[in-house]
Structure formats: structure tokens, C-alpha cells
2 protein chains.
Amino acid sequence: MNRLPVAERREQLITAALTVASRDGIEAATVRAVAAEAGVSLGVVHYCFQDKDELLRAMADAITEQNLAVAISTPPLGADVQSLLQVVIENLWRGIRENRGAQLLSYELTTTSLRHPELRGVAVAQYEGSNRAAVATLAYVERAAGVTWVVPREVIARTIVAVVDGFSLAWLVDGDDEAAIRGLRGFAKFLTSLAVPAGDVSVTPLPAPDTVDTAEPDVTSA
Amino acid sequence: MNRLPVAERREQLITAALTVASRDGIEAATVRAVAAEAGVSLGVVHYCFQDKDELLRAMADAITEQNLAVAISTPPLGADVQSLLQVVIENLWRGIRENRGAQLLSYELTTTSLRHPELRGVAVAQYEGSNRAAVATLAYVERAAGVTWVVPREVIARTIVAVVDGFSLAWLVDGDDEAAIRGLRGFAKFLTSLAVPAGDVSVTPLPAPDTVDTAEPDVTSA
DNA sequence: GTCTATAGTTGGATAGAC
DNA sequence: GTCTATCCAACTATAGAC
């Protein structure tokens with residue numbers, strides 16, 4: 001109703017799009033539905049976004065940013081690898097469990113992106129976000145617990161993303177919370193077995209929380 | 001063109017639907033596109049299937065059956081757990097790698113099913129198929145290598161499905177064959193660490209191949 | 001059983017008044 | 001900037017001729 005600067009209007013519409021898409025699925029996030037959710041008329045959306053693809057892309061970017069933002073929250077410090085990984089994984093899991101719709105939307109965005117050339121890049125961006133977050137988390141754990149890994153950090157990061165995605169997907173289907181958390185705990189234990197005390201360097205002092213660029217790897221992306 | 005019994009016509013249309021959906025995505029598998037692919041007219045499809053949902057459901061069932069059928073193929077026998085698991089996982093991976101479209105379709109079916117009440121059950125059926133195949137594979141490995149597991153077989157099965165799904169999804173996005181196979185090999189190694197020699201019972205003689213109801217777990221489902 | 005024709009929806013996108 | 005009105009395309013589904 002009110003006249004807003006385009007930038008703000010865009011934010012509002014992106015939020016509306018996220019609401020609709022998380023709740024009712026990516027298919028339901030039509031231009032019309034988004035306009036209705038935001039309480040504006042159809043024309044407004046087309047005034048702010050060139051076309052539907054641009055809106056979808058903006059929505060995907062918003063998710064990624066959001067995940068990276070969440071990733072800054074600091075987990076409990078100073079503990080052994082085992083419990084540190086446990087906590088990190090469980091925080092991550094809580095975020096997923098409490099946002100079923102968003103998690104499902106993330107997979108919908110991935111598959112949609114993989115099928116439509118005009119959305120090429122969205123899925124890759126999601127994955128890059130996830131991997132960066134996972135790598136940063138690992139770096140954090142390394143410093144906090146004074147360890148390194150017996151395999152390259154990037155390899156572990158990829159595994160984290162894959163395993164969390166896999167268990168999330170299974171949980172989306174059967175809703176078995178117990179099985180999900182059990183699986184993830186087992187995985188944390190496995191990760192622990194890949195850690196070895198950092199040889200030469202003693203435990204590096206922890207940087208201030210906000211210079212650690214993650215805590216919870218983004219798993220919203222594919 | 002020709003007059004076929006309904007049952008055969010259905011098979012033909014399901015095949016056509018699989019072709020279209022694997023190639024162009026689940027969205028592209030419209031009644032019209034399927035009819036065109038099968039070389040029949042629009043009305044024929046509606047004569048064979050009550051509505052589009054029934055067609056989609058039939059398509060999903062066909063995938064599951066197909067996966068279970070593939071799972072009967074016998075892997076190389078008589079080896080240690082490590083190499084046995086290695087081979088099983090690599091066979092599984094080859095099947096995925098060579099059917100990118102079908103694999104992607106599987107995830108599309110899952111998310112679609114999770115969003116549409118009228119397709120409720122499809123995703124669960126996919127997952128049950130995967131799990132049954134994984135459990136059967138584990139049972140096979142147990143007999144072939146004379147081992148049992150330090151955690152319940154069902155838990156391992158769920159983990160297998162999750163991990164394979166996770167790595168598959170990552171591969172669909174970035175196409176990194178090397179990373180995928182590396183990750184899966186690492187996982188096979190991990191599984192090996194969960195195996196212990198079967199204590200009391202000596203190695204049970206292998207049943208005939210076709211009584212072993214799997215070899216490759218279905219990972220097509222979500 | 002198979003075809004054409006058409007009804008009835010839905011959704012993307014634009015034009016033009018205010 | 002925002003609204004209404006409208007166009008156009010694609011799709012599901014059905015009716016009825018052959």
C-alpha cells in the first residue's frame with residue numbers, strides 16, 4: 001500500500017517468497033502467491049524483479065546469507081574434540097529440525113536449479129556456502145581442541161555436508177527424530193576418530209567469536 | 001496407433017514418462033509430454049490413468065521395482081569385508097553415475113511427494129525400498145565375509161542410504177566424480193571398521209544368487 | 001481404443017489508469 | 001510506486017466423433 005523504496009520492497013518480497021515457499025513448496029511460490037503474501041498487487045512484484053527467475057534467485061541468495069549468518073553463533077568453548085563435535089553437530093541438527101519447511105525448500109531449490117539452465121548457479125552457490133561453512137567449522141574445532149585431521153580438511157567438509165544432507169533427507173521423509181540424531185552422533189564419533197593432536201603448534205588462542213566465521217555449517221543447501 | 005490391451009499401454013506410458021522425466025525433469029513430465037513421447041494422443045493417457053497423480057505414482061513404483069531388480073545382480077564372491085564392501089559400493093556408484101537423470105528424478109519425486117498430500121506415500125515407499133535393499137546387502141556381506149556388525153544392521157542400513165544420498169546429491173551439483181568415489185571409498189572403509197568376525201557361527205554357505213534378494217542397495221529413492 | 005476439439009484453470013508478463 | 005485489467009501460454013481433464 002505504502003510507497004517504499006525499491007530496495008526495501010525487494011526485501012519484503014523476498015521474505016514473503018521465503019514464507020510461501022517454505023510453507024507450501026517451491027511450486028506454490030508463484031508471483032501471484034508472493035504478491036498476496038506480501039500484501040501487494042501483482043504488478044509490484046514485476047516492478048521490483050525482472051521476472052520470476054530473478055525472484056527465485058534472490059530467495060536462494062537470502063537463504064545462503066542467512067545460513068552463513070547463523071553460522072557465526074559461537075558454540076561452547078574449550079572442550080575435547082569429541083564433545084565439541086557433538087555440540088556443533090547437535091546445534092546444526094536443531095536448526096534443521098526446527099525449520100522443516102526451509103530444509104525441504106533447500107532441496108527443492110537444488111533440484112529445480114539442476115533442471116533449469118536459467119537457474120544455473122543456484123545449486124552450486126548453495127553447495128559452496130555449505131562447504132565454506134563446514135570448512136570454517138572444522139578450522140574452529142581445530143583451534144578450540146588443538147587438533148588436526150588425518151585427511152584433508154576439504155575432504156572432511158564435503159563428507160559433513162553429504163552426511164548431514166543424507167540424514168536430513170531421510171528425516172524429512174520418515175520424521176524419525178531419534179534415528180536422525182543417533183545417526184549424526186555416530187557421525188560425530190567417526191569424525192573424532194579422524195582427529196589427531198596438533199603436533200608442533202600448541203593450542204592457538206581462540207580468536208574473538210566474530211572473527212570465527214562459522215560455528216554451524218549450512219546444510220540448508222543441497 | 002495400434003490397439004493395445006490397457007495393461008500394455010500402461011507399461012508403455014510409464015516407460016515414456018520415465019524417459020521424459022529423467023531427461024527433462026519431473027515438471028516436464030506433463031500428460032501431454034508423456035503422450036507425445038509415447039506417440040499416442042492426449043486422450044489415451046487419460047484413458048489408461050485416472051489422472052496425472054496415478055501416472056506419477058505408477059512411475060515411482062516402476063523405479064523402485066527396477067532398483068530392486070538391479071539389486072539381484074551378484075557381486076564377486078568370497079573376499080574379505082573390506083574388498084567386498086568396496087566392490088558393492090562401487091557397483092552401486094556406477095549405477096548412479098550412469099543414470100544421472102534418473103538419480104535426479106528420484107530426488108525430485110521425493111520432494112514432490114513430501115509437498116503434495118495426494119502423493120503421500122511415494123517418498124516413504126522410495127525410502128523403504130532403499131532400506132530393504134541396504135539391509136539385504138548387509139546380510140549378504142555378513143554371510144559372504146563371515147562377519148557381524150558392532151551396531152544393529154538397521155542402523156547401518158539407514159546410514160548407508162543417507163551417505164550415498166548425500167554424496168550423490170553433491171555429485172549431481174558439482175559433477176566431481178573423483179570426490180564422489182573418494183568419499184564413498186572412505187565410507188566403505190568406515191563400514192569395514194564396524195565389522196567383527198562372526199563369533200559362534202562359522203561362515204554360512206552362500207545361498208543361490210537369486211535367493212539373495214539384493215546386492216546393490218537402491219539409492220534412487222530420497 | 002483412439003482420435004480431435006474444447007472446456008476450464010492457472011500463472012507469467014505487460015499496459016495503462018491513478 | 002501502485003493498482004486494475006488484460007493478454008497469452010500451458011496444462012489437466014472431459015466430451016463425443018470415428
Side-chain angles (χ1 to χ4, degrees), chain A residues 1-21 23-60 105 108-109 112-113 115-119 122, chain B residues 1-21 23-60 105 108-109 112-113 115-119 122:
Chain A
M1 303 291 185
N2 273 332
R3 309 214 150 189
L4 263 64
V6 201
E8 290 181 29
R9 193 55 96 193
R10 277 179 65 107
E11 292 306 311
Q12 181 199 2
L13 291 173
I14 292 171
T15 302
L18 276 171
T19 303
V20 176
R23 187 185 56 215
D24 304 324
I26 198 172
E27 276 185 358
T30 65
V31 177
R32 296 178 125 86
V34 171
E37 179 73 28
V40 301
S41 67
L42 188 56
V44 176
V45 181
H46 276 107
Y47 174 76
C48 295
F49 297 91
Q50 211 194 3
D51 55 19
K52 194 192 174 181
D53 289 336
E54 197 186 312
L55 175 57
L56 273 189
R57 223 186 297 268
M59 191 176 75
L105 170 59
E108 293 180 287
L109 269 173
T112 303
S113 164
R115 287 293 189 190
H116 299 278
E118 61 274 20
L119 291 178
V122 168
Chain B
M1 303 296 183
N2 271 334
R3 311 213 149 194
L4 264 61
V6 199
E8 289 182 30
R9 192 56 95 190
R10 278 180 64 107
E11 292 307 311
Q12 180 198 4
L13 291 173
I14 292 172
T15 301
L18 275 171
T19 302
V20 176
R23 186 184 57 213
D24 304 325
I26 198 172
E27 277 185 356
T30 65
V31 178
R32 296 176 122 84
V34 172
E37 179 73 31
V40 301
S41 67
L42 189 55
V44 176
V45 181
H46 277 107
Y47 173 77
C48 295
F49 297 91
Q50 209 194 3
D51 54 20
K52 194 192 174 180
D53 290 335
E54 198 186 310
L55 175 57
L56 273 189
R57 223 187 296 269
M59 192 175 74
L105 171 59
E108 293 179 286
L109 269 173
T112 303
S113 163
R115 287 292 189 190
H116 300 278
E118 62 272 21
L119 291 178
V122 169

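All values below were derived from every heavy atom in this structure, side-chain atoms included, with hydrogens, water molecules and symmetry-related copies excluded. Convention: sequence-line order gives letters A, B, ...; per-chain numbering from 1.
Here the P atom of nucleotide C/dG11 and the CG atom of A/Asp51 are 17 Å apart, to the nearest Å. Atom CD of B/Glu27 is separated from atom C1' of C/dG12 by 14 Å (rounded to the nearest Å). For the pair A/Phe49 CZ and D/dG1 C1', the computed distance is 15 Å after rounding to whole Å. Atom CG of A/Asn2 and atom C1' of D/dC3 are 14 Å apart (whole Å). The interatomic distance linking B/Glu118 (CD) with D/dA13 (P) rounds to 10 Å, in whole Å. In this structure, NZ of B/Lys52 is placed 13 Å from C1' of D/dA13, rounded to the nearest angstrom. One atom, CD of A/Glu54, and another, P of C/dG12, lie 15 Å apart when rounded to the nearest Å.
The shortest side-chain heavy-atom distance between A/Val122 and A/Thr112 does not fall under the 4.5 Å cut-off.
Atom-to-atom distance recorded for A/Glu27:CD and B/Ile26:CD1 is 8.0 Å, nearest 0.5 angstrom. Atom CG of residue A/Leu13 and atom CG of residue A/Leu4 lie 9.5 Å apart, to the nearest 0.5 angstrom. Note that the NZ atom of A/Lys52 and the CE atom of A/Met59 stand 9.0 Å from one another [nearest 0.5 Å].
Side-chain atoms of B/Arg3 lie closest to C/dG1 of the nucleotides D/dA13, D/dT2, C/dG1. Nearest nucleotide to the A/Leu42 side chain, out of D/dA5, D/dG1, C/dT2: D/dA5. Here the nucleotide nearest the side chain of A/Val31, chosen from D/dT2, C/dG12, D/dG1, is C/dG12. Nearest to the side-chain atoms of B/His46 among the listed nucleotides C/dG12, D/dT14, D/dC3 stands D/dT14.
With DNA chain D read from its 5' end, the first of the two nearest nucleotides for A/Arg32 and A/Tyr47 is the one closest to A/Tyr47.
Within 4.0 Å (heavy atoms only), B/Ser41 reaches at least one base atom of the nucleic acid.
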